[in-house]
Amino acid sequence: MRIATWNVNSITARLPRLLAWLESSGTDVLCVQETKCGREAFPFEPLRELGYQAAVNADGRWNGVALLSRVGIEDVVTGLPGGPEYEGVQEPRAISATCGPARVWSVYVPNGREIGHPHYEYKLRWLAALNEAVAQDAAGERPFAVLGDYNIAPTDEDVWDTAAFEGATHVTDPEREALAALRASGLGDVVPRPLKYAHPFTYWDYRQLCFPKNRGMRIDLVYGNTPFAKAVTDSYVDREERKGKGASDHAPVVVDLALEAP
DNA sequence: ATGTCGGGAAATTCCCGA
């Protein structure tokens with residue numbers, strides 16, 4: 001079974017590439033982030049025609065997550081139970097479901113903006129709530145993974161230049177400690193292989209030729225429990241999808257598993 | 001093979017978020 005995660009930066013803007021990629025990659029389950037549309041604008045129909053069911057948590061111009069599956073979607077939980085609010089609202093940043101043999105989450109962790117910004121404190125509270133919400137499944141026997149845009153580079157190796165991130169979010173100790181807490185709950189970082197260059201970056205800013213210069217970051221992560229990790233046969237970043245016209249600023253992370261899709 | 005992009009308000013250009 002093939003599971004992937006991809007921050008598409010608007011599912012409506014990305015729709016032609018998304019549909020083509022689903023077909024060419026043969027992905028069974030895709031965790032989507034930054035749909036940037038409301039439910040009413042979500043492209044259920046073209047996805048259905050390709051054989052994918054969709055579970056969606058999206059409410060407008062920002063954020064938004066989804067699960068696309070051609071191996072079933074059951075027991076959908078919309079949102080992060082016990083999750084914090086930002087400026088009085090629970091933003092659409094999480095959705096989970098059982099897709100065939102695995103339980104999966106699609107998450108879009110708050111960006112944080114700047115150290116000390118209210119959004120940064122929100123990011124840390126959000127991650128603490130996530131850890132609580134997944135603890136039971138993380139320790140369970142069923143293959144389980146939390147996939148998505150974490151907006152955190154787990155190590156210094158996961159940014160193109162540590163000096164460029166001095167005093168910035170995505171690399172701070174409290175953010176990395178939040179990832180360590182997930183690992184302590186039984187989830188491991190499924191590190192993909194790069195298709196080119198030394199590091200499996202998943203995101204390159206649109207600006208300043210970051211992609212051709214490979215000024216990237218690894219912030220799209222797959223955190224899986226032991227039964228999930230044991231089933232992994234391969235994982236890679238599909239950087240081809242970052243190329244050309246109409247690309248997202250993130251590339252898909254693909255995970256192949258020795259699990260039978262029903 | 002590429003020097004931002006996307007959405008949306010107000011609107012054919014700015015603003016925000018990333």
Side-chain angles (χ1 to χ4, degrees), chain A residues 5-21 31-43 46 56-66 84-94 106-127 147-154 158-161 164-172 175 194-197 199 201-221 237-253:
Chain A
T5 181
W6 191 10
N7 179 325
V8 295
N9 187 17
S10 170
I11 198 167
T12 52
R14 213 63 56 217
L15 191 60
R17 286 186 71 134
L18 171 64
L19 296 174
W21 185 80
C31 303
V32 181
Q33 300 86 38
E34 283 208 82
T35 57
K36 285 187 166 177
C37 67
R39 276 197 75 82
E40 71 293 344
F42 193 88
V56 178
N57 183 11
D59 65 6
R61 73 187 290 200
W62 306 122
N63 314 312
V65 289
E85 296 183 342
Y86 189 71
E87 296 180 340
V89 275
Q90 277 218 10
E91 297 172 320
R93 294 181 175 275
S106 175
V107 298
Y108 178 47
V109 176
N111 175 288
R113 299 189 187 156
E114 294 168 20
I115 297 168
H117 192 285
H119 209 260
Y120 178 78
E121 305 303 325
Y122 167 58
K123 180 180 196 174
L124 297 177
R125 290 201 310 278
W126 201 93
L127 287 160
L147 304 92
D149 179 356
Y150 282 69
N151 273 312
I152 303 170
D158 296 311
V159 296
W160 60 275
D161 178 13
F165 291 88
E166 196 110 4
T169 61
H170 294 56
V171 298
T172 67
E175 290 166 287
L195 294 186
K196 191 179 178 185
Y197 304 124
H199 301 290
F201 296 148
T202 65
Y203 162 83
W204 301 260
D205 198 301
Y206 282 126
R207 293 166 287 190
Q208 295 163 328
L209 287 172
C210 280
F211 181 60
K213 292 176 177 171
N214 199 33
R215 295 180 173 179
M217 309 172 73
R218 184 171 78 94
I219 56 175
D220 299 273
L221 309 176
V237 182
D238 189 355
R239 71 186 298 282
E240 295 301 309
E241 211 33 66
R242 181 61 180 79
K243 295 181 178 178
K245 196 171 163 56
S248 171
D249 42 1
H250 297 250
V253 178

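Just so it is clear, the model here is predicted, and its values are computed rather than measured. Here is the naming used below: chain letters follow the sequence lines, and residue numbers restart at 1 for every chain. Keep in mind that the numbers below use all heavy atoms, side chains included, and drop hydrogens, waters and symmetry copies.
Between the side chains of Asp149(A) and Tyr203(A), no donor N or O sits under 3.5 Å from an acceptor N or O.
For DNA chain B, the residues of residues 205-216 of chain A within the heavy-atom distance limit of 4.0 Å (strictly under) are Tyr206(A), Arg207(A), Gln208(A), Leu209(A), Phe211(A), Pro212(A), sorted by number.
Thr202(A) OG1 to Asp158(A) CG: the interatomic distance, rounded to the nearest 0.5 Å, is 9.0 Å.
Nucleotides dA11(B) and dC16(B) have their P atoms positioned 15 Å apart, rounded to a whole Å. When the P atom is used for both dC5(B) and dA10(B), the distance is 25 Å, rounded to whole Å.
Considering only side-chain N and O atoms, Arg61(A) lies nowhere under 4.0 angstrom from the phosphate OP1 or OP2 of dG6(B).
Residue order along DNA chain B, read from the 5' end via each residue's closest nucleotide, puts Asn9(A) first among Asn9(A) and Pro110(A). Along DNA chain B, the nucleotide closest to Ser10(A) and the one closest to His250(A) are compared, and the more 5′ of them pairs with Ser10(A).
Thr12(A) comes within 4.0 angstrom of sugar-phosphate atoms only, judged by non-hydrogen atoms across all strands, and of no base. Arg14(A) comes within contact range of the sugar-phosphate backbone alone, with a heavy-atom separation under 4.0 Å but no base atom that close.
Screening Tyr197(A), Trp204(A), Trp160(A) against Phe211(A) for a ring-ring contact (aromatic ring centres under 6.0 Å, His included) leaves a single residue, Trp204(A).
Distance OH (Tyr108(A)) to C1' (dG17(B)): 8 Å, rounded to an integer number of Å.
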